[in-house]
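Read the structure below first, then the notes.
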Amino acid sequence: MQLRYNYRVYPTPDQQEALARAFGCARVVFNDGLRIRQSAREDGLPYVPDGELSKRVITDAKKTPERAWLGEVSAVVLQQALADLNTAYRNFFSSITGKRKGRKVGPPRFRSRKDNRQAIRFTANARFKVLDNGRLRLPKIGDLAVRWSRALPAEPTSVTVIQDAGGRYFASFVVAVSDQPLPPAGAEVGIDLGLTHFAVLSDGTKIAAPKFLRRAARKLRRLQQDLSRKQRGSANRTKAAVKVARAHVRVADTRRDWQHKLSTRIIRDNQAVYVEDLCVVGLGRTRLAKSVNDAGWASFTAMLEYKAARYGRTFGRIDRFAPTSQTCSACGRLDGPKPLNVRSWICPCGAAHDRDVNAAKNILAAGRAESLNACGAQVRPAPVPAQRREAGIRPHAACATRSVEGISAL
Ligand SMILES: [Zn+2]
């Protein structure tokens, strides 16, 4: 399994300049490639293959006076920018042909220097290196100071350097880690992700989002209001925007930590975990959007999924169209839709139900039924941010006490 490990990095002014150049070159190569494919399409010409595109926007372009400066950055950075473009195209194609499940993916879009997030990726070919003195050596950038909030558990296969909207820099390493099956647990659990509680478990446990998280989210909302009152293009607006960006990152960091603790506990205590496959994208467009987006269910279920895979547990998503809150979990009677304000009800069979716990019980039952005739292919999860405080062996320069790994990269 692949995990991401994120660390804050502190480039010197010279290195910041070199990074800005590399971000720019990666962006130009990406946009040049996109432009070529778009105009080929408009002219009714066939799709430009990856190899030919790479030759045109990197190898040949470097020989022209307009793009000679592409030679100033690592070639791997440019190739990886094109690889991103190719992936974006593949996702788009498999989405329109229906091969890709989930929400529809649009065609790739041009990157801008004003994007909130600038990033470049170095693979092993680029010979990036974590030095014995704890610095991160990047070709044509230099040796960057890293705050090793924890050790890397193994040799990384790639590193992405990111500048976020708050102007901070991060190195995000992808590390392959081995599975670590836990001793079997007796229990199985269904989880209802709700609006009144963050999650309700089929055993009756109700989990509210913690106070500190709600407070941080409130502060963020206030800062966003401040920002909206500032005049466009003013210096005060820029300052307010940086504050908002920083608060955003803090809320995301705090929420992720809390979700990690919760998901680890649930995975440790249960042999099988089932959740409802919420149409978060659909809900996000309704007036429930605010609380839905704040809740961060997608990241939470992704954590459950990768931890289940890593620790030898079963994880299943239940069809989101199953009427889990309308069905009696005791007798199976379908009792019709209930408005959100109906928190509890009594089924004609005599069973008294808490709306959310009943839903969680139904999710558990549906999950068990599905896993009995399981045939769905196992999907390999994409690299996800690793949990803090995981044991590691390197590098030796681990020293920081305050954990600052931020952002959920990619
Ligand atoms: Zn009943």
Side-chain angles (χ1 to χ4, degrees), residues 1-7 91 101-103 105 116-117 119 149 160 162 164-166 170 172-175 177 189-195 197-201 207-210 212-214 216-217 220-221 245-268 270 273-285 288-311 313 315-318 320 360 363 379-390 403-410:
M1 167 172 300
Q2 298 199 313
L3 291 180
R4 280 197 171 280
Y5 284 75
N6 297 332
Y7 305 90
N91 290 343
K101 302 256 179 293
R103 69 182 290 190
V105 177
N116 275 339
R117 179 179 175 280
S149 43
T160 303
I162 300 144
D164 74 1
F170 294 90
S172 175
F173 296 90
V174 172
V175 178
V177 296
V189 75
I191 306 175
D192 179 55
L193 299 167
L195 290 171
H197 289 85
F198 177 79
V200 174
L201 311 188
I207 299 153
F212 60 83
L213 197 50
R214 278 179 284 163
L220 174 60
R221 270 197 292 281
R246 291 210 172 121
H248 245 298
V249 176
R250 255 198 308 276
V251 170
D253 286 356
T254 317
R255 180 196 291 139
R256 196 175 46 249
D257 270 4
W258 177 72
Q259 289 186 350
H260 263 308
K261 285 190 192 116
L262 180 61
S263 55
T264 297
R265 202 182 81 209
I266 290 172
I267 289 293
R268 197 189 52 221
N270 294 282
V273 176
Y274 304 105
V275 298
E276 201 165 11
D277 189 7
L278 284 159
C279 180
V280 175
V281 181
L283 278 175
R285 291 202 196 95
L288 298 175
K290 193 75 207 157
S291 38
V292 170
N293 295 335
D294 283 357
W297 291 324
S299 61
F300 180 66
T301 55
M303 284 177 191
L304 288 173
E305 187 167 17
Y306 96 78
K307 286 179 189 178
R310 188 167 185 208
Y311 297 114
R313 305 303 204 210
F315 174 85
R317 289 177 197 271
I318 305 314
R320 63 174 176 260
I363 290 167
V379 188
R380 197 180 179 78
V384 284
Q387 183 162 14
R388 288 183 189 179
R389 273 183 248 105
E390 274 195 63
S403 194
V404 288
E405 59 271 28
I407 56 170
S408 45
L410 297 181

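- Note that CH2 of Trp297 is 6.0 Å distant from CG of Leu193, once rounded to the nearest 0.5 Å.
- Aromatic pair Phe198/Trp258: centroids less than 6.0 angstrom apart.
- Between the CD1 atom in Ile207 and the CZ atom in Arg265 there is a gap of 5.5 Å [rounded to 0.5 Å].
- Here Phe315 and Tyr274 keep their ring centres 6.0 angstrom or further from each other.
- Looking only at side-chain heavy atoms (C-beta outward), Leu3 and Arg310 come within less than 4.5 Å of each other.
- Across every non-hydrogen atom of Ala302 and Arg317, the tightest pair is N-NH2, 4.4 Å.
- The two residues Leu201 and Ala360 have their closest heavy-atom pair at C-CB, 3.6 Å.
- In plain terms, the two heavy atoms of Thr254 and Arg250 that are nearest each other are OG1-O, 2.6 Å.
- Within the 4.5 Å cutoff, the side chain of Gln259 has heavy atoms near those of the Ser299 side chain.
- In this structure a side-chain-to-backbone donor-acceptor pair under 3.5 Å is present from Lys307 to His260.
- Looking only at side-chain heavy atoms (C-beta outward), Ile191 and Leu304 come within less than 4.5 Å of each other.
- Under the ring pair (Phe, Tyr, Trp, His ring centres under 6.0 Å) criterion, Phe173 pairs with Tyr7, Trp148, not counting sequence neighbours.
- When every heavy atom of Ile266 is checked against every heavy atom of Asn270, the shortest pair comes out as O-ND2, 2.9 Å.
- The nearest pair of heavy atoms linking Ser149 to Asn6 is OG-O, 4.4 Å.
- The two residues Arg4 and Ser172 come nearest to each other via the heavy atoms NH1-OG, 2.6 Å.
- Rounded to the nearest 0.5 angstrom, Asp164 CG and Arg117 CZ are separated by 9.5 Å.
- Within the 3.5 Å criterion, the main-chain N or O of Arg268 finds a donor-acceptor partner in the side chain of Arg313.
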